[in-house]
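Quick notes on the structure that follows.
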Amino acid sequence: MHKPFSNINRLGRRGFLGLAGVAALPDSLLSRKRVVRALLAKDTPAENTGSSRGLPPLQITDVRVIVTCPDRNYVLVKVFTSEPGLYGIGDATLNGRELAVAEDLEKHIAPLLVGRDPEQIEDTWQYLYRGPYWRGGPVQMTALAGIDLALWDIKGKRANMPVYQLLGGRTRIGALAYTHASGRDFAEVEDVARRAMERGFKCVRAQVAIPGLEGTYGTPGNKTPEAAAGRVADMAALPQTEVFEPAPYLRVVPRLFEYLRAKLGPEVELMHDCHEKLDPIQAARLAHDLEPYHLFFLEDCLRPEYKESFRLVREHSTTPLAMGELFNSLWDCVPLIKEQLIDYIRCDLGHIGGITAARKVAAMAELFQVRTAWHGPGDIGPPTHAANVHVDISIPNFGIQEMVFFPHMTREVISGGPEFKDGYMNVPDAPGLGCDVNEEAAKKYPYRRAYLPTARRKDGSVQDW
Ligand code: KDG
Ligand code: MG
């Protein structure tokens, strides 16, 4: 990868076809002027007038896609501008389908951007979302998020302000953060949770292996250490298959939380991720059975297709519900928010279309007393984590932020991003998003094929992982 798009012809494919069509007409029908007009039939957004404190107009000059695997695969986007030294960094990583996004960016999206004004973020978002006619989907929306982040980064750098200032300024001292505690048994989960609490975490997500099942989402189980951490194992890797059965899962999880409350006390906030595995009545039972342990939230208890089923869960329990990391459309969020079927919307900024999309989700959620809990796993890069926090600390209805600590190898390639202290995340007051990419370091770690695990029931049928 690392291929710059230099001097891309702004006419693109449509301009070329337009020219071919024009050339087929008889000479007598064409004046020179009309040919020129046909050639220039391109997208023309409203001119950006009177902005940017008298600075000269800005153009996107190049879009570079960087695919790298320091510890795990990341797709990074670098958008260059006509102002010397001014560029934006975005993250367009889609775990397990990284190259599809990289190709989309390189082959389809970059040619549309060169020559555009990077300051017109909303117009570019609309153009990339509605322009191709085929809208949405995780690949397209991750690519769009990568560009969106880079444009917000450029705007912040140009304004000499961190992005959260452009979003309305600070509303809180930091973003309350949660981390993961996973174990082969209850005692191991407790041990990991205690270590997190000693590190300053006030909120912990707990997952435990289910006896008799090979591997359970979010736990070490019998996986290789790399696979347990969701990381790249080796080039020839194919997906590992886990086994899931709802009955033992539904018996064990409430007992885990009974144990943790007894051992850790009432103050630590606890959550659990069902990872979209359950049927509606199973989810309702789990939410009900967890009530005595006062979870901060129960995450993704249903598959993303079944939004109406949240009604059933809601009717049977007061356990707070969170949902959304698999959503890749703003409109996915609407029914759950407007019917108040969830308490936390937890879209992934990297898969729903970036900051431009997230601030709309947050604003809609605010009107229905739903809070945010943006997805923050290790398989999205530091620029998306930074974007999470810029939004978190500038909205009124922030709830909580999932976080990870990136390993040294990743930090060598991508610098900056959120910092953690005393239970809260924050972003440094650098202009823009505050991240940068070391392209030389990125080259040391080429892409390695890797998949998320899959799951099956004991009878061999496919199960959601
Ligand atoms: O790529 C898949 C991960 O992002 C997902 O499994 C992590 O569910 C997750 C979480 O809540 O962090
Ligand atoms: Mg999750």
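Throughout, numbering of the chain's residues begins at 1 and tracks the sequence. One-based numbering, in listed order, for ligands and for the atoms of each.
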Subject >> Cation-pi geometry met for K202 and Y424 (6.0 Å, 45°) >> reply: no
**OP:** Anything under 30° is parallel, anything over 60° is perpendicular, the rest tilted; go ahead and classify Y249 against H272.
**Re:** tilted
Subject >> Interatomic distance, F297 atom CZ to R371 atom CZ [nearest 0.5 angstrom] >> reply: 13.0 Å
Subject >> H288 versus S317, side-chain donor and acceptor atoms under 3.5 Å >> reply: no
**OP:** Compute the ring centroids of Y344 and F296, then answer whether they are less than 6.0 Å apart.
**Re:** yes
Subject >> Over-ring placement of R199 relative to F420, 6.0 Å and 45° cut-offs >> reply: no
Original post:
At distances under 2.8 Å, what protein N, O or S atoms surround the Mg ion (ligand 2)?
Top reply: D273 OD2, E299 OE2, E325 OE1
Close N/O pairs between ligand 1 and protein, under 3.5 Å:
from	atom 1	to	atom 2	distance (Å)
ligand 1	1 (O)	N95	ND2	2.9
ligand 1	1 (O)	D379	OD1	3.3
ligand 1	1 (O)	D379	OD2	3.1
ligand 1	4 (O)	H375	NE2	3.4
ligand 1	4 (O)	D379	OD1	3.1
ligand 1	4 (O)	D379	OD2	2.8
ligand 1	6 (O)	H275	NE2	2.7
ligand 1	8 (O)	Y217	OH	2.9
ligand 1	8 (O)	D273	OD2	3.1
ligand 1	8 (O)	H275	NE2	3.0
ligand 1	8 (O)	E325	OE1	3.1
ligand 1	8 (O)	E325	OE2	2.6
ligand 1	11 (O)	R205	NH1	3.4
ligand 1	11 (O)	D273	OD2	3.1
ligand 1	11 (O)	E299	OE2	2.8
ligand 1	11 (O)	E325	OE1	3.0
ligand 1	11 (O)	R346	NH2	3.1
ligand 1	11 (O)	E402	OE2	3.3
ligand 1	12 (O)	H375	NE2	3.3
ligand 1	12 (O)	E402	OE1	3.2
ligand 1	12 (O)	E402	OE2	2.5

Original post:
Out of V361, N388, V391, I395, which residue meets the side-chain contact (heavy atoms from CB on, under 4.5 Å) rule with T372?
Top reply: I395
Original post:
Which residue, N95, T93, T384, T142, forms the side-chain hydrogen bond (donor to acceptor under 3.5 Å, both in side chains) with H351?
Top reply: T142
**OP:** Would you please say whether a donor-acceptor pair under 3.5 Å links the side chains of E412 and Y445?
**Re:** yes
